[in-house]
Amino acid sequence: MTEPAASRTRIIEAARSMIERDGVAGLSMRKVSAEVGLAPTAVYWHLGGREELLNAVLDDVVAELPAIRATGRTPRARITSIVRSARRDFLEGMHVLQLANEVGRGDELSYRTQLALAEELGRAGLDGDEAADVLRALLFVVGGFVVIEEQYRTGEGGDFATAGRWAGDHAGDVPPALRAAMARPPDPDALFAFTLDRLLDAVLPPP
């Protein structure tokens, strides 16, 4: 590897580590240059500005993403495996999603999942507008859960937490069992499974 190529690789690796640790907002050209021991002008020479560096990091990450593979013997099981994996991957790789959105390439990550789901929905006997509606509904379920779960994980969802209010003495004709259930914090995994199962019950043809 030539010296310019080696320096470029070091810069990308340093930026990637910084994003994984501090998020996209924590990345600056000054910090990267200090990390790799190069002058800021050298970093700009090798990779251009901050946006070019972010795109280079994302290219590096996307090149390493494994193919999406459905598992299970039935169409429903295979669709479920893709949707569950998408939620897990986005939650575990939130910094990648933030990076992709920062440079306007979030569609690249979503499209991989869309293709895998489209293939399995076709095998399940769905096509056309119906299949497209189901696919988008599944993506909205994943996206909604990921956004809300991330808000709670980072403490930004506290303003929307209502369990404490339900536990108090409030007026309203609400059955006691429902009030007690709403006073308990939700289990995101169980709630996701419940939502996904009900959606697939409604849209997939009987086995």
Side-chain angles (χ1 to χ4, degrees), residues 1-71 78-120 135-136 138-158 188-189 192:
M1 184 181 294
T2 63
E3 178 57 32
S7 296
R8 189 178 192 278
T9 298
R10 284 169 50 218
I11 293 167
I12 293 173
E13 289 176 349
R16 182 171 175 175
S17 296
M18 199 171 294
I19 291 171
E20 291 174 355
R21 184 181 66 245
D22 304 324
V24 178
L27 177 77
S28 73
M29 304 299 278
R30 178 183 56 80
K31 290 180 182 178
V32 172
S33 65
E35 183 74 19
V36 297
L38 293 173
T41 52
V43 175
Y44 280 98
W45 184 84
H46 284 291
L47 278 149
R50 185 174 184 274
E51 185 169 347
E52 287 82 3
L53 176 56
L54 291 176
N55 273 290
V57 172
L58 184 59
D59 288 340
D60 202 48
V61 172
V62 169
E64 295 178 4
L65 290 176
I68 297 175
R69 301 193 185 282
T71 59
R78 293 171 67 82
I79 291 168
T80 297
S81 73
I82 294 172
V83 177
R84 286 180 177 274
S85 293
R87 171 178 171 249
R88 183 189 65 245
D89 292 346
F90 282 135
L91 284 172
E92 293 178 355
M94 185 58 65
H95 63 282
V96 177
L97 184 59
Q98 293 170 345
L99 170 60
N101 289 334
E102 177 79 10
V103 295
R105 293 170 57 186
D107 58 317
E108 289 184 36
L109 302 181
S110 175
Y111 186 60
R112 300 172 69 250
T113 302
Q114 291 180 33
L115 280 177
L117 281 174
E119 292 178 0
E120 295 303 329
L135 195 159
R136 288 172 177 142
L138 291 169
L139 293 176
F140 270 60
V141 168
V142 172
F145 268 82
V146 167
V147 168
I148 293 174
E149 288 182 73
E150 177 66 7
Q151 287 178 336
Y152 276 91
R153 187 189 68 81
T154 59
E156 296 177 2
D189 292 335
F192 185 80

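Side-chain atoms of Val96 and Asp89, non-hydrogen and from C-beta on, never get closer than 4.5 Å to each other. Within the 4.5 Å cutoff, no side-chain heavy atoms of Val83 are placed close to those of Arg87. Side-chain contact between Val57 and Leu99 is present, with heavy atoms from C-beta onward closer than 4.5 Å.
Remark: side-chain polar atoms of Arg10 are not paired, donor with acceptor, to backbone N or O of Gly37 under 3.5 angstrom. Using a distance-only test at 3.5 Å, with no hydrogens or angles considered, a donor-acceptor pair links the side chain of Glu52 to the main chain of Gly49.
Legend: side chain to side chain donor-acceptor pair (under 3.5 Å) pairs involving residues 55-65, not counting sequence neighbours, sorted by first then second residue: Arg16-Asp60, Arg16-Glu64, Asn55-Arg105, Asp59-Arg105. Among pairs with a residue in residues 27-41, none fulfils side chain to side chain donor-acceptor pair (under 3.5 Å), at least two apart in sequence or across chains.
Taking both residues in full, the closest heavy atoms of Ala100 and Leu58 are given as CA-CD2, 3.8 Å, listed atom of the first, atom of the second, then distance. Closest approach of Val24 to Gln98, counting heavy atoms only: CG2-C, 3.9 Å. Scanning both residues, Glu149 and Pro188, for their nearest heavy atoms gives OE1-CB, 3.5 Å. The two residues Gly106 and Asn101 come nearest to each other via the heavy atoms CA-OD1, 3.5 Å. The minimum heavy-atom distance linking Leu139 with Gln114 is given by the pair CD1-CG, 3.4 Å.
Remark: Ser110 OG to Leu115 CG distance equals 9.5 Å, nearest 0.5 Å. The line from OH of Tyr44 to CZ of Arg50 is 9.5 Å long, rounded to the nearest 0.5 Å. Summarising the geometry, atom CG belonging to Leu27 is positioned 9.5 Å from atom CD belonging to Glu102; distances are rounded to the nearest 0.5 Å. The CD atom of Glu20 lies 4.0 Å from the NE2 atom of His95; values are rounded to the nearest 0.5 Å. Atoms CG and CD, from Leu138 and Glu120 in turn, are 12.0 Å apart once rounded to the nearest 0.5 Å. Going from atom CG of Leu117 over to atom CD1 of Ile68 covers 8.0 Å, rounded to the nearest 0.5 Å.
At a cut-off of 3.5 Å, with distance as the only test, no side-chain donor of Thr9 or Glu13 sits close to an acceptor on the other residue.
The existence of a salt bridge linking Arg78 and Glu119 is excluded, since no basic side-chain nitrogen approaches an acidic carboxylate oxygen closer than 4.0 Å. Of the charged side-chain nitrogens involved, none lies within less than 4.0 Å of a carboxylate oxygen, so that Arg88 and Asp189 do not count as a salt-bridged pair.
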